[in-house]
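Okay, so here's the structure we're looking at.
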Protein chains: 2
Amino acid sequence: MDVVSLTEKLVSLPSSQSSKGLVGNFEADTEQFIFNTLREKLSNQWKIRRQKVVNDRYNLIVDDGTPTQLLLIGHMDVVEPGEAWSKNILGESVGNLLYGRGSADMKSGDAIIMTTLMYAASQNIPGVAALFYCDEEYEFLGMKKYINNTPKPEFLKLVVCPEPTDMKIRQGVRGCFECKLIIRGKRGHSARPNSGVNAYRALAVAINAVDNLCKEKNNTVFGVPTVNVAGLSCGTIKGTDYSGNKIIEHTGNVIPDYCEATLELRITPEIAQEEIENTLRTAIQSTNASLTLLETSFFVGSYLTKKEDLNLLEAAQKIIRGDIQYDNPANGGYSDIQMISEKWQIPCALFGPTGTNMHSADESVDIKSLKKTESIFHKLVDQLRISS
Amino acid sequence: MDVVSLTEKLVSLPSSQSSKGLVGNFEADTEQFIFNTLREKLSNQWKIRRQKVVNDRYNLIVDDGTPTQLLLIGHMDVVEPGEAWSKNILGESVGNLLYGRGSADMKSGDAIIMTTLMYAASQNIPGVAALFYCDEEYEFLGMKKYINNTPKPEFLKLVVCPEPTDMKIRQGVRGCFECKLIIRGKRGHSARPNSGVNAYRALAVAINAVDNLCKEKNNTVFGVPTVNVAGLSCGTIKGTDYSGNKIIEHTGNVIPDYCEATLELRITPEIAQEEIENTLRTAIQSTNASLTLLETSFFVGSYLTKKEDLNLLEAAQKIIRGDIQYDNPANGGYSDIQMISEKWQIPCALFGPTGTNMHSADESVDIKSLKKTESIFHKLVDQLRISS
């Protein structure tokens, strides 16, 4: 089976977490298809195990029974269908593009992993293994289950995930910290600034402190961590509405006593959760306002693999492309391959085909790049034999 | 009639703009009472004219038919009743305090003006006039009508308003600027900061610019103008609710495209409306966001009279108190006496009795200070004769 028809088949199987519209069966059909196909195509020497994650959601763990040297990982879930599709969300090819939800992110990557396993089997190259996992797009349940229940393979050299990277090597991703803050000041009359404590001004002090912390944490590859003030509501509380939401008034001559904000940071390896939280707390303590809530809703670290630890992948890329290309890891979103890097301290990379409109309407994968990326993965397997 | 019983009578006449609860007759009864009392107590030489402001709301303009040298002004409206009164809102004396809405702000001041007119009449001291006016607490309709329709009296030396100032001279008040801003950025994914334009960050630049403008405008009497960020709402717009209000979401990984804010500045004579507006515009133009609304809802200037131009009032204060006391004009709210100062370029001062809880529950005036302030006003009339 070629990689394009495998991708088409995978895209035709809905695997969104959303229950809305067309798509609502989680990864069950996708996982069943991958399981059946590999069971049929690989010899009995290969082990294909299902790892239960939650309810009917599973990871698939595949190896040839020899110590794993190269681990290929791909998630089986996709984001919700969304609106405004002009192409068939379950797959439609137009020229060099294959459209459909997950065509780029990352059913095409799963297809590449499948043919690469078959290639390793056909070439009798040992040590190639794969993880197909669930729930990458939302809660990372699949990766968490896997990494917490799998011992580090002793001879593992490299983990690669074919997320769409425009056929460039992504050697790391920034981590992510998100928190909600509530700050209380004291109401007062603006004509007498000392009669109140402006809750917004205390938040501004805290934002400034976090901005400065980030500037100190410049990373040669990622640059400085960035701070997204994602939401902010400040004013005077006038009770709650029928839904229990606070009614916040903006009255010019009243010094506002309430400020809530959602901050989200994209972080580098030099910055820890506690350091951000302490910076916020200390800054607000330096004002006359009080911090009544600091709730970290989300923290995941970053990872960064040195280029010299990616020589196998560089070599495979160079054979097919003619050059070695990295993308800017500061521009990529979080990927849960980071959890493997953190737990096992193993070289990790994202490397996949060219995709467009990931997470939005008319997502597509470039078919030429898909085939080329597949070739690079097969060459990577070859490199494994050469290097051992 | 003595000043305390006059105050009691005035406080017993509701004159709030609010239609809620006890009080809802505007200033009509108060104005009628002042008119009738003065008509009865002053000789026919005195002119008492009603100036229509709006609907049934009037200013009362009183003079003795000679050129005005000293103008005493007092507003007849009070703020809404409000809640949590433990004393009778229409007047209750306990020891040295007379409670009631308007007891301090400023029915007691109106009573002082009334007895001072009677004192001038009894002493045959010419040139004392008064303005009793409406709508000081809300829209300044009374003062606007007066100042736009009254020629500057040629021999006018001083305007005094007995708002409660703890028997200290207030030589000026800061002005007030209030605006609403709406800033639009561009949604984006926080993992790629360049994919969007954070509307909040643009606002923060604008606030910073206005803070800096104010620091440059330090005034030896008022200090620096102060900026109240009175309300702020930032996030991603998700449509409107049934009431037509914007639904603004705070989503950590989304760069917010919407920010609205209410800013209110307490300003000094060195700062003009256009300068503030231009500072905001220029600051936001320096960002990648756009200013879609800059609506100045309120602008009134400041005024500041030199101490050497207040020697009549100083002299009267010194005779009764034994010393000369000024309060800090940076701590006072706006007063529409400023409009007279600006239009006529005449020395103006606020000077009145000791009050507590103005605009809130259990407002009261200190009776001893009320009598003492009355004496100072009578001495001020004497000064007029001495100085002429």
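Just so it is clear: chains get the letters A, B, ... in the order the sequence lines come, proteins before strands, and each one is counted from 1. Because only heavy atoms are used, hydrogens play no part in the values below, and waters and symmetry mates are left out as well, while side chains stay in.
- A donor-acceptor pair is defined here as one N or O able to donate and one able to accept, closer than 3.5 Å; no such pair exists between the side chain of Asn198(B) and the backbone of Asn228(A).
- Residues of residues 201-220 of chain A having a heavy atom under 4.5 Å from any heavy atom of chain B, listed by number: Arg201(A), Ile207(A), Asp211(A).
- Heavy atoms of Thr226(A) lying under 4.5 Å from chain B belong exclusively to its side chain.
- Of all heavy-atom pairs between Arg174(A) and Pro193(B), the closest is NH2-CD, 3.6 Å.
- For chain B, the nearby part of Ala330(A) is the backbone; its heavy atoms alone come within less than 4.5 Å.
- Neither the backbone nor the side chain of Val173(A) comes within contact range of chain B; no heavy atoms are under 4.5 Å apart.
- Using a 4.5 Å cut-off between heavy atoms, Asn194(A) makes no contact with chain B at all.
- For the pair Ala191(B) and Gly333(A), the tightest heavy-atom approach, listed with the atom from each and the gap, is CB-CA, 3.5 Å.
- Ranked by heavy-atom pairs under 4.5 Å with chain A, the first of Ile255(B), Leu263(B), Leu265(B) is Ile255(B).
- Looking only at heavy-atom pairs under 4.5 Å with chain B, the residue among Arg192(A), Glu264(A), Glu249(A) that has the most is Glu264(A).
- In this structure, chain B has a heavy atom under 4.5 Å from the backbone of Val254(A), while its side chain stays farther away.
- Taking non-hydrogen atoms and a 4.5 Å limit, the residue list of residues 230-239 of chain A in contact with chain B, ordered by number, reads Ala230(A), Gly231(A), Leu232(A), Ser233(A), Cys234(A), Gly235(A).
- For Asn331(A), the parts lying near chain B are the backbone and the side chain together; criterion is any non-hydrogen pair under 4.5 Å.
- Expressed to the nearest 0.5 Å, how far NE2 of His189(A) lies from CE of Met358(B) amounts to 11.0 Å.
- In terms of non-hydrogen atom pairs under 4.5 Å with chain B, the most contact-rich of Arg266(A), Lys180(A), Glu178(A), His359(A) is Arg266(A).
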